[in-house]
Amino acid sequence: MEDSIEVILQNYSGVFPTNRPHPIFSACTGALLTGLYGLWSLFTLPGFRKIPWRLKVPYLPSSKDQTANVMKLLEGRSGRLADLGSGDGRLVFAASAAGFQSTGFEINSILVAYARSKACWTGVPSRQAVFVKKDFWKTDLSSYNNVTAFLAPGVMEVLGEKLLKELSDDALVIACRFPFPNWPQQSSAGFGLDQTFAYDISTVRSYLRSEAKPAVQ
Ligand SMILES: C[S@@+](CC[C@H](N)C(=O)[O-])C[C@H]1O[C@@H](n2cnc3c(N)ncnc32)[C@H](O)[C@@H]1O
């Protein structure tokens, strides 16, 4: 009599290994991934609860090339600089080394603490580099004539509106990786993910005014 397929499979079940991982292995992998996620969110998310979902931007540090591209676009400039979402402070340190009075606004207290201690141990005086634990959306930026921002594509339009309201005509804005939609670039540096874009606020204002004018028939 021919065996049914169930009987055959039962007979061979000890011979062929199944693909299922051992339950202890699965449990350990799950625990490890949960731990890694917890660690990641500890560094990237504190302070975010009060920020509306569409304006949330996680931490991602600028690469060396991106930082160099920002500094290239700042050549010939001086004065006060604000980095919006300063992370571990790398753009602020680079700008302060180039002579800017730099302020980093950062919502993540761990990153602010790290940047402040780095300023301490590297001997950067507070008149050159300051790190403020503050939501930049709730900060008046009118006293800064240089602004840098490495954020996210979804926030650039709203950020553009804020900067146009607050910055003076002589201000320069540098956007890292994600350009402002509808703003004419003055120049850019680098390529791909490290590309940075410079915008002269008076040029942006004139351009937007001319765009808003109805065409003469
Ligand atoms: C993409 S990272 C850029 C970090 C840094 N500027 C750099 O170039 O390495 C964006 C940073 O913005 C911070 N951030 C996001 N929203 C913020 C807000 N409303 N106010 C202050 N910091 C904010 C995040 O915590 C994160 O550290």
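Side chains are part of it too, since the values below use all heavy atoms of this structure and drop only hydrogens, waters and symmetry mates. Counting convention: from 1, in listed order, for ligands and their atoms alike.
- At least one N/O-N/O distance between Glu106 and ligand 1 falls below 3.5 Å.
- At least one side-chain heavy atom of Pro184 sits under 4.5 Å from a side-chain heavy atom of Val204.
- In this structure, a donor-acceptor pair under 3.5 Å is absent between the side chains of Ser86 and Asp83.
- Residue contact check: Asp83 has heavy atoms under 4.0 Å from atoms 6 (N) of ligand 1.
- Closest to atom 3 (C) of ligand 1 by heavy atom, among Leu60, Ile107, Thr67, Val112, is Leu60.
- The shortest N or O to N or O distance between Leu84 and ligand 1 is not under 3.5 Å.
- Considering Gly89, Ser63, Gly85, Ala149 only, the shortest heavy-atom separation from atom 12 (O) of ligand 1 involves Gly85.
- Atom 17 (C) of ligand 1 has its nearest heavy-atom neighbour, among Phe178, Tyr59, Phe136, Trp137, in Phe136.
- Taking each heavy atom of Asp88 and Phe93 in turn, the nearest pair found is O-CE1, 3.8 Å.
- Annotation for Met71 and Ala95: closest pair CE-CA, 3.8 Å, computed over non-hydrogen atoms.
- Considering backbone and side-chain atoms together, Asp88 places no N or O closer than 3.5 Å to any N or O of ligand 1.
- In this structure the side chain of Lys162 reaches within 4.5 angstrom of the side chain of Trp137, judged on heavy atoms.
- Taking all atoms of both residues into account, the shortest heavy-atom contact from Ser78 to Asn145 is O-ND2, 3.0 Å.
- In terms of the ring pair (Phe, Tyr, Trp, His ring centres under 6.0 Å) criterion, Phe100 has no residue partners (sequence neighbours excluded).
- By the criterion of a heavy-atom distance under 4.0 Å, neither the backbone nor the side chain of Ala152 is placed next to ligand 1.
- The distance from ligand 1 to the heavy atoms of Ile51 drops below 4.0 Å at these ligand atoms: 18 (C), 19 (N).
- A perpendicular orientation is assigned to the rings of Trp183 and Tyr199, their planes being inclined by more than 60° (bins at 30° and 60°).
- The part of Arg90 lying near ligand 1 is the side chain, judged by heavy-atom distances below 4.0 Å.
- Taking every heavy atom of Leu111 and a limit of under 4.0 angstrom, the matching atoms of ligand 1 come to 27 (O).
- Counting heavy atoms from C-beta on, the side chains of Phe178 and Leu151 never come closer than 4.5 Å.
- Ligand 1 has no nitrogen or oxygen under 3.5 angstrom from a nitrogen or oxygen of Asn108.
- The ligand atoms of ligand 1 that sit less than 4.0 angstrom from a heavy atom of Phe105 are 21 (C), 22 (N).
- Residue contact check: Leu91 has heavy atoms under 4.0 Å from atoms 8 (O) of ligand 1.
- Of all the heavy atoms of Thr148, none lies under 4.0 Å from any atom of ligand 1, so neither backbone nor side chain is involved.
- Side-chain atoms of Ser63 and Asp65 include no donor-acceptor pair closer than 3.5 Å.
- Within the listing of ligand 1, atoms 20 (N), 21 (C) sit less than 4.0 angstrom from a heavy atom of Lys134.
- Using 4.0 Å as the threshold, Pro58 has a heavy atom nearer than that to some atom of ligand 1.
- Listed by number with element, the atoms of ligand 1 under 4.0 Å from a non-hydrogen atom of Pro61 are 9 (O).
- The distance criterion of under 3.5 Å between nitrogen or oxygen atoms is met by Asp135 with respect to ligand 1.
- Any N or O atom pair closer than 3.5 Å counts here, and Phe150 shares no such pair with ligand 1.
- Heavy-atom distances between Lys56 and ligand 1 stay at or above 4.0 Å for every pair.
- Side-chain contact between Leu84 and Leu141: present, with at least one pair of heavy atoms (C-beta onward) separated by less than 4.5 Å.
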Going through the checks in order, is the salt bridge (charged side-chain N to carboxylate O under 4.0 Å, His left out) test met by Arg205 and Asp169? CA-CA 8 Å; Arg205 284 201 178 110; Asp169 264 350; 2.7 Å; yes
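- Distance CD1/Ile51 to CD1/Ile107: 4.0 Å, rounded to 0.5 Å.
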